[in-house]
Each structure stands twice: as structure tokens, then as C-alpha cells.
Amino acid sequence: MDQFKADVSRLKIRTGDARRDGVLQVVGIVLMAGGITADLLVYESSRNLSDPRDIQSQIVLAIGLVGVTGAGGAVFLYASLARFLRFWLLRQVYESQSQVDQVVAAFQPRAQAAASTESSPNPPPAELEPSTKAPVVAAG
């Protein structure tokens, strides 16, 4: 893990603001817990009412609190997925860079061998040299 962190810092990749994801996760959990708790309190208070208008207003409030609970779940899911996908993408970039480094290392001996043959004093074969003779045309 320490090697991974060191390599990531060496690559100078912007990792994003992980604190924001943590705060959003906490906000999502608070919204979910608060929505459920308030919903249960509204349910309990509606049991003591006898007027249908009061009961219907409690139903509207309860539906709104279900929406708050759903919004909290969505915020929590967003933050959790953002954190996971950021880590996954960072790992993909790291592994890709590692593979490129391996390919470059594999071609280093070949490049050195090619450079040493280019500087050799041997001339190319005669069939590869350009011809300076004019073509012969037959008179007929």
C-alpha cells in the first residue's frame, strides 16, 4: 500500500477531494436516520388524532419525510460510488503506467542493438543501392 501511495504521488495525478465524499456520506446517513425517525414520530402522533383533516396533513408530512430519507440514500450512494470509482480509476492508471514501463524496458535491449548496428561501417548490399545508369531502350 505504501508503494502504491508513493507511486501515485510520483505520477502527480489529482486524486480529488476525498473529504467532500466523507462529508456527503455523513450527510446522507444523517438524512436517512432523521427521515426515518421523524416518520416514526409522525406516525405515532397521527394515531392520537380523530379528525381526518389532521390525519391527512400528517400523511403529507410523512410522505415528505420519506422523500428526505430517499434523498439521503441517494446522497450516500453518490458519495460511496464516487469514492470507489475514483480509487478504481487511479488503480487503472497506475497499472497501465506499470505495463507501459514493462514494455519500454523490454524494448530497451533491442533499441540499443539497433543503434549499434546503425553505426557499423559496413555498406548496404549492392542491390539496395540506387542505380545511376540510364535504362537501355531497344531500337526496333
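All heavy atoms count here, side chains included; hydrogens, waters and symmetry mates do not.
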Quick one: does Leu65's side chain get under 4.5 Å of Val42's, heavy atoms only? yes
Test of understanding: clusters of I, L, V, M, F, W, Y form through side-chain heavy atoms closer than 4.5 Å, transitively. Do Val26 and Ile29 belong to the same one? no
In terms of hydrophobic clusters joined by side-chain contacts under 4.5 Å, are Leu41 and Ile63 together? no
Distance in Å, Asp39 CG paired with Gln58 CD, rounded so as to fall on 0.5 Å steps: 10.5 Å
Is Phe84 reachable from Val75 through a run of hydrophobic residues whose side-chain heavy atoms are each under 4.5 Å from the next? no
Looking at OG of Ser57 and CG of Leu49, how far apart are the two atoms once the value is rounded to the nearest 0.5 Å? 7.5 Å
Measuring from atom CG of Asn48 to atom CG of Asp54, what distance do you get when rounded to the nearest 0.5 angstrom? 11.5 Å
Side-chain contact test, heavy atoms from C-beta onward, threshold under 4.5 Å: evaluate it for Phe76 versus Leu24 and give yes or no. no
OG on Ser46 to CG on Leu61, rounded to 0.5 Å: 10.0 Å
Assess whether side-chain contact (heavy atoms from CB on, under 4.5 Å) is satisfied between Asp21 and Gln25, documenting all intermediate values. CA-CA 6 Å; Asp21 294 337; Gln25 282 181 325; 5.6 Å; no
If you round to the nearest 0.5 Å, how far is CG of Leu81 from CZ of Arg86? 11.5 Å
Rounded at 0.5 Å granularity, tell me how far CD in Gln92 sits from CD in Glu95. 5.5 Å
